[in-house]
Structures are given as C-alpha cells and as structure tokens.
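Have a look at the structure that comes next, please.
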Amino acid sequence: MLFRALVFCGYAFLLAPGVFVFAIAFSSDRFLTFPPPGLSLRWFVALWQHEGLMGAMQRSAILASVVTLLALAIGVPAAYAIARLRFPGREAVFSALTAPLLLPTLVLGLGILLVFFPFGLAATWPGLAIAHLAVTLPFVVRIMATALATLPADLEDAAATLGAPPLTVVRRVTLPLALPGLIASGALTFLISFDEVVISLFIAGPRLSTLPVAMYRYVEGNTDPLVAALAVVLIVFSLAIVLLVERLLGFMRAVGR
Amino acid sequence: MAELALAGLSKRYGEGPPAVDALDLAVAEGEFLALLGPSGCGKTTTLRIVAGLVPPDAGTVRLGGHDITALPVHRRDIGLVFQSYALFPHMTAAGNVGFGLEMRGLPRAERDRRVAEALRLVRLEELGHRRPRELSGGQQQRVALARAIAIRPSLLLLDECLSNLDAKLREEMRGEIRDIQRAAGITAVFVTHDQTEALAICDRVAVMREGRIEQIGTPEEVYERPETPFVAGFLGRMNRIAAPVATVRGRLPSGHVAMVRPHRVRILRDGADPRGAENRADGTVRRITYIGDVVQVEVETPLGRLAAEVSGAAPEWRGLGPGAPVGLAWAAADTLVFPVRA
C-alpha cells in the first residue's frame, strides 16, 4: 500500500510539469497562470505566426535530419567494423567513439566552441552538424555494435558462399536484419539533435539558432503561454516518433526479423 | 562436380599450436568424404579454408584442377551447409533456396523452377512460403541443404549439420543426404565428430587429429584395420591391453599395446571351449549394460578391465550379474598391436 503510494507520488512528480504545460498551453490568458482562467487555441495560432520560432523549428528539423543521416552513414560502418572485424586498435576506436557519452555536455560544448572558433565553424551549419554528431554518434555506434554483434556471422558467410559479393551481403542480409537497430538509433539521433540545448547554446549564433536555443531565448524575455503551446507541439511530435518506432519494430518482430 | 585437392594446408590462430598442420587431402569426383575427429582437431577450420571463409597460412586448395586458394568466397561455387543452418530469417524457405540463384542472375522463371526442384528433392515443396522460424529443426536442415545444392555447386560441404537434430531424425536425414549426394553426383565433404555418421554415409573417412590426417580409408578399413591407437580408440569402443597376449605375430613385444574390439571378445560360461581363440582372460563381472540390440559386459581380469559385447538376443549374458565369475576369449587375428608413443 505504502509502495503503491510511493509509486504514485513518483509518477505524479515526473508527469506534473507536463500536465501544467498542457493546461497552460490551452490558456486564454496572456500570462503563465495556473489554473488558466479560460480555454483557447490562441497561443497555437500565435506560435504558427511567430516567424522566429517557426524558422528555428524548420532549421532544427533540417539539422536533425542531416545529423541523423550523417550519424548513420558514419556510425553504422564504424559499428560494423567494431563488431565484425578484428583489427589492432579496435577497442580504442570504440572507446573514442563512445567517450563523449561520459562528458558533461557543458564541458563538451565549451570544448567544441574553443576548437571551432579558430576554424570559423562557430555559428555555421557545418559547425552545428559536427557538434551534434559528437553527441549522437556514440548512441548510433553503441546500439548498432550491439545489434550487429548479436547477428550470427554465419548468415553473412552463408550469403557469401551462395555467391553474394561483400556489398551485396551487407545490403541483402546484414542491413535488413539490423533494421530494428537502424530505426531505433536513427529515431534516437533525430530526437537528441532536435532537443539538444546546451551545446547548441555555445555554437549557435544570433542568426542561426535552433529551436531549443530560440525557445530558451524567448523564455528569457517573455512570460506568455506561447512556449507552453510550443512544448505541447514538441511533446506530441516526440511521442509520435516513439510510437512510430514501436509500431515498426513490433511489426518487424511479427514478420520474423 | 569436381575433384578437390588440398596440399600442404596450414593454419594457425594466434600463438597456439596449428589448427591445421601441413594437411594433404584428395577427394575424387563424386566422392563423399568424411572429415572425422574430436573437437579442436582442425576439421572445421579445414572446411572453412576450402569454402574460402578462412585464409590459409600456407598451402593450396585445388578444385576441378583450378587453384582456388586466392579466390574470394562468393566466386568459389561451393555449397556449404552450416551447423547452425544459417537460414536467412527475413526470407521465406523459397527465398532462401533461391538466393544463390538470384546471385547468379538467373531469370525469374528459371529460378522458380529450380527452387521448386530443390524443395521437392528435400520433400518440402509445400512449405516454400514459410519463414525459417515457422519450420521445425529437421525442416530447417532440409531447407539449408536445398539452398546449398540449388546452386548446383562443384563441391558440397557439410559442417556438423546433423548434430542439432534428435537421434531418430539424424538417422533419417543422414540417409537422405547420402541419397541426394549420390543422385546429384556431387563431390562432398562432411565434417563430423560422430563416428557412426561418418561410417554410415561416407565413401571414405579421414580421421583427423591435431591438424593432421591420422588415417584415411573406407569405413571398413579405418574401423577394422586402424593404423594408430588413436584411430582405433576414436572409432568405436576398444579394449586396451598393456600385458603380453597372443597376437598374429606371436607374443606382444614390450613397448607395444594390444587392442581388441569388444564385439570380437566372446564370453565363456562354465569352462566352455574357447574354440580357436588364442587369448583367454578370466575374471569377475563388474557391470552389465543393456542397450537393446547389444549388451556390454565389463569384466575385471588380470589384464585389466575388459569389455565384451554380445547380441542382446544371445544366451551368454543371461543370468550374469556383478561379481559372477566369467571367462573371456578372443582370437590373435582380432588383436591389434601398436607401438606405444613416446
């Protein structure tokens, strides 16, 4: 009984901010008051018309897409090499690729800024993409190395004995069987990049700001429910991706992958 | 369909002893050869070298007269049935069987025809639409076999492919594999640690030990006339006698060991006539093991503990129990003699 109460409190603590945000997002008031005096969609309309935030959202979506593609393009071959090939320095490569997971993002952000500045990469698209790769690659490499390591090497050998050249083996056997891992790491990469605040704050300039950075700056100067409406949009968006991944992976288990 | 010739094949993993040690082996066209040996004797490594999955440190692999040592796996035209079957879980049985044909660029209609043919050969024509996980172990094994022979390989390799099946199915499959291999006339190499399998289905058996071939010959040759104590001991049960006994060449010389198969040892009850058996040993019964068709009687004798094997239907073992006095007899001609290795 006591345990149940504790669990309930735990969930309440975790979910309460969301509930408040949801309530305030539909507020008719001009301030962040709770409970809201009335319900309306005016803040969603205001968000739609807010050029700064909408532009940042578009930029973040493009950036997250590019980062996802790059992270998979770099991370999957790296994970394949780590999981399948035996070469000197294999452990070192794996450690180097996953090390950023251990660093506080604040440290990472400062470090990246210091390195980027002399190269003129700060506040540029390539700079943002590289910085986001540093935080997302470890996830891709970790997830894919595990996914590939659990894939029996016999399957690839069998395809080769049947006449499939190496790249065909990867295309027809390895990647289809690693698809759940690909989808999971791709979705995770997209969400991490889309949500990334700390490092982006260091790198993003006044003209090239991502959505989380724009939100952060907006909140500094305004106290209206517009940000709550934006938060609701983001929560719904993230949930949609997570549900989609769930459905895709469940579907794939059902067809025997 | 081609002959296989291995010459001076060597492979060493890391610092340990060589897995394959200057191995020479010739398999004739259409022949079914067993590579038999305990685990770690190098038989699977040899097979993987032939398939092209493991590069040898030295030596050559020739198939149908061509040196294929440096040829990559996918251009070797060798069918391999894996111990794990290695069926593609994301393809149907027919998709698995057709994969090799697809890689060879066969047109769709021709491919479908040959997939159906291969599935019919393994009696799975009805199950082509199923995925591997919807098939039983025996059916998966058949799909793996069909997939390997559908490409009409010059050489078929089988890697312990029966060891995951239960005893009854294994016996059935081993007959089927033999029939299919013979019908197709494919040269085949079958790696196994199970001597019964090797003796039952292969034309010749190569017994391997520590990366080398200890003896190669027909099943009867390696079983009845083993050349080394290892082969004698590995194939079937064997009694080992260090004391002097009569052999074809007289008495057992020192520095040698004598061996006799349990089924060549007769059981004598109540002073029965040994009838031409030069060797006799009297003792007491230690244990009787009834396995249905045969009965093993272990007897403690002055020559050590010896086993005799008689038919379950034979009268000699009836009424025997542990502690009963009994005589054993065997002919000098059935006694194998080997020098003891230093």
Side-chain angles (χ1 to χ4, degrees), chain A residues 72 76 79-81 83-91 143-144 146-186 245-257, chain B residues 13-14 44 47-48 50-54 71-93 95-106 129-135 143-144 146-161:
Chain A
L72 290 179
V76 173
Y80 184 87
R84 278 284 185 267
L85 313 178
R86 295 281 164 270
F87 57 91
R90 195 175 130 262
E91 293 287 324
I143 294 172
M144 290 312 292
T146 311
L148 291 170
T150 53
L151 200 68
D154 272 359
L155 294 176
E156 289 159 344
D157 288 346
T161 64
L162 291 167
L167 279 180
T168 311
V169 173
V170 169
R171 191 169 52 79
R172 293 291 308 274
V173 176
T174 317
L175 287 184
L177 291 175
L179 201 58
L182 282 174
I183 291 174
S185 51
V245 168
E246 272 296 314
R247 289 299 294 270
L248 277 176
L249 295 187
F251 171 74
M252 253 161 331
R253 263 190 287 278
V255 297
R257 270 180 172 134
Chain B
Y13 296 109
T44 292
L47 193 84
R48 293 179 74 84
V50 173
L53 295 169
V54 170
L71 207 63
V73 196
H74 64 275
R75 292 175 49 203
R76 286 203 180 194
D77 197 29
I78 291 176
L80 174 54
V81 182
F82 291 76
Q83 181 172 11
S84 63
Y85 312 146
L87 296 177
F88 307 130
H90 58 304
M91 300 179 197
T92 60
N96 268 276
V97 176
F99 186 84
L101 304 173
E102 200 186 324
M103 290 303 124
R104 279 162 178 68
L106 255 65
H129 61 282
R130 294 230 188 137
R131 286 177 189 275
R133 66 188 186 104
E134 299 163 339
L135 297 170
V143 174
R147 183 175 69 176
I149 57 177
I151 57 171
R152 298 192 183 145
S154 336
L155 177 67
L156 179 66
L157 303 175
L158 304 134
D159 185 11
E160 303 259 11
C161 60

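Computation of the quantities below employed the complete heavy-atom set of this structure, encompassing side-chain atoms and omitting hydrogens, waters and symmetry-equivalent molecules. Reminder, nothing fancy here: chain letters follow the sequence lines and each chain counts from 1.
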Query raised in the report: Of the backbone (N, CA, C, O) and the side chain (C-beta and beyond), which part of B:R48 lies under 4.5 Å from a heavy atom of chain A, both, or neither?
Result: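 The side chain, not the backbone.
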Query raised in the report: For B:I78, is it the side chain, the backbone, both, or neither that has a heavy atom closer than 4.5 Å to a heavy atom of chain A?
Result: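 B:I78 touches chain A through backbone heavy atoms alone.
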Requested in this report: Check each atom of B:F82 against the heavy atoms of chain A and say whether the ones under 4.5 Å are side chain, backbone, both or neither.
Outcome: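 Looking at B:F82, just its side chain touches chain A.
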**Report entry** Shortest non-hydrogen separation from B:P89 to A:L155 and the atoms involved
**Finding:**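 In terms of heavy atoms, the two residues are closest at CD-CD1, 4.0 Å.
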Query raised in the report: Based on non-hydrogen pairs under 4.5 Å, which of B:Q83, B:R104, B:R75, B:E134 is most in contact with chain A?
Result: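 Greatest number of close heavy-atom pairs with chain A: B:R104.
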Query - Part of B:L87 lying under 4.5 Å from any heavy atom of chain A - result: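 Contact with chain A involves the backbone of B:L87 alone.
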Result block: side-chain N/O donor-acceptor pairs under 3.5 angstrom for residues 158-181 of chain A, not counting sequence neighbours:
residue	atom	partner	partner atom	Å
A:T161	OG1	A:A158	O	2.8
A:R172	NH1	B:E102	OE2	2.6
A:T174	OG1	A:E156	OE2	2.8

Query raised in the report: What part of B:R76 is in contact with chain A, defined as an atom under 4.5 angstrom from a non-hydrogen atom: side chain, backbone, both or neither?
Result: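 B:R76 has no heavy atom closer than 4.5 Å to chain A.
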